[in-house]
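Input: a single structure, listed below in structure tokens.
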Amino acid sequence: MVLIDGKKTSQDIKNEIAFRVAEIKAKEGKIPHLAAVLVGSDGASHTYVNAKVKACEEVGFKSTLVRLDADVSEEQLLKAVEDINNDADIDGLIVQLPLPKHISVDKVTNKIKPEKDVDGFTPANVGRMTLNWPAYVAATPYGIIELLKRYEIETAGKHCVVIGRSHIVGSPMSILMGRNGYPGNATVTLTHSKTQNLPEICRSADILIVAIGKPEFVTGDMVKPGAVVIDVGIHRVEDASKKSGFRLIGDVKFQEVAEKASAITPVPGGVGPMTIAALLYNTLQSAEKKVFG
Ligand code: GUN
């Protein structure tokens, strides 16, 4: 069984990015710059955004964090996005999700200039990805694609089952795995809350990508011997034996699934760190005008 090490792979990518940043700085004096907008005080969102800002520092990027109160109006948020759109020094813009209920995620996403949409959430980038054009691909699916590539996982002709159809992970993942290219050329089944016979479908998967958001949902009996299993979930559970009082688990029951899988991502240290590396990579691409020209 191969343990797919997202922590090490993301560090490799960050080293590659840092090297490129030093080159651009020396040649053009330009420093890639990511702006993150954080609304409200959701604990997980704070943790994620802080990790993104810290990762920017690690690779030599500039970063700007715009914090807005939870009761900010939709109009004020749209104005903040517009200001960043118009700031020539900023290459990438992300608005951390979820947003408070009174704000339309669709409206805010659609306000982001596609050329700066390093999260790959805008209709323009989703469309471009679907057409197999140069695009910013959402960071989590992009990170998974990079893991499959760097671990030389065969995908052509394989049955890839994706659990979960969110706009952030499952839906783009299903499109990427079905694209004509590598990784891709898989026969894809996208499953969701209305899917019948899910365990049976999972057992037919050569590649199982789990993004359902339920702790230890996938058990050993749902996995075909030799399958490749990618776990996108991350959940805190109480654990008195830990100093922090908790430990992290995924959407996959790791021990029993690892016994059957040919390769598997752990939680933590699998997909999570790759998401940040992919976001940094997209921002570098933007600074180098590689996607939209
Ligand atoms: N919330 C959960 N994942 C993400 C992500 O990749 N980007 C943003 N902006 N918000 C998120």
Side-chain angles (χ1 to χ4, degrees), residues 6 10 13 33-56 61 63-68 70 72 77-78 80-81 84-85 90-101 103-114 116-126 129 135-147 162 164-173 175-176 209-214 230-236 248 250-251 265 267-268 270-286:
S10 69
I13 293 170
H33 186 174
L34 175 70
V37 179
L38 176 61
V39 181
S41 55
D42 177 70
S45 289
H46 266 261
T47 307
Y48 294 140
V49 169
N50 287 340
K52 289 170 186 179
V53 168
K54 186 170 155 272
C56 282
F61 284 4
S63 65
T64 297
L65 175 56
V66 177
R67 285 170 185 267
L68 299 169
V72 69
L77 176 54
L78 291 171
V81 170
I84 299 171
N85 280 342
I90 294 175
D91 302 292
L93 155 61
I94 64 167
V95 177
Q96 189 66 26
L97 304 179
L99 290 172
K101 292 229 174 347
I103 294 175
S104 157
V105 176
D106 288 355
K107 257 196 206 167
V108 172
T109 301
N110 207 29
K111 190 75 179 174
I112 298 170
K113 200 173 168 182
K116 296 192 179 189
D117 169 31
V118 289
D119 254 334
F121 289 172
T122 58
N125 276 302
V126 175
M129 174 198 67
Y136 295 115
V137 172
T140 303
Y142 194 16
I144 294 170
I145 287 292
E146 204 55 34
L147 279 179
V162 180
R165 60 178 159 186
S166 73
H167 291 170
I168 294 182
V169 188
S171 169
M173 204 62 238
I175 293 164
L176 293 166
I209 300 175
V210 192
I212 191 176
K214 292 187 182 165
I230 307 291
D231 187 352
V232 181
I234 185 151
H235 313 273
R236 274 185 180 197
L248 296 172
D251 286 354
T265 58
V267 176
V271 172
M274 290 300 292
T275 296
I276 291 187
L279 174 69
L280 295 174
Y281 189 76
N282 278 346
T283 307
L284 177 67
Q285 295 271 96
S286 177

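Ligands are counted one by one from 1 in listed order, and the atoms in each one are counted from 1 as well. Quick caveat, the model's predicted, so the values are computed rather than measured.
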request  = Can you sort out the partners of Lys107 under salt bridge (Lys or Arg N to Asp or Glu O under 4.0 Å), two or more places apart, ordered by chain and number?
outcome  =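 Checked Lys107 against salt bridge (Lys or Arg N to Asp or Glu O under 4.0 Å); matches are Glu74.
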request  = Go through the side-chain N and O atoms of His46 and Ser41 and say whether any donor and acceptor fall under 3.5 Å apart.
outcome  =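 Distance-only check fails for His46 and Ser41.
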inquiry  = Can you confirm whether the side chains of Thr122 and Thr109 place a donor and an acceptor under 3.5 Å from each other?
reply    =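 Judged by distance alone, the side chains do not pair up.
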message = In the structure I gave you, are the side-chain heavy atoms of Asp91 and Gln285 within less than 4.5 Å of one another anywhere?
response =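 No, side chains not in contact.
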message = Could you measure the distance from the OG1 atom of Thr275 to the CD atom of Glu146? Nearest 0.5 Å is fine.
response =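 It comes to 12.5 Å.
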query = Protein residues near ligand 1, heavy-atom distance below 4.0 Å?
reply =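 The 4.0 Å shell around ligand 1 contains Lys52, Val95, Gln96, Leu97, Asp119, Phe121.
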Minimal non-hydrogen separation, Ser166 against Pro172, with atom names =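 In this case the closest contact between Ser166 and Pro172 is O-CD, 3.6 Å.
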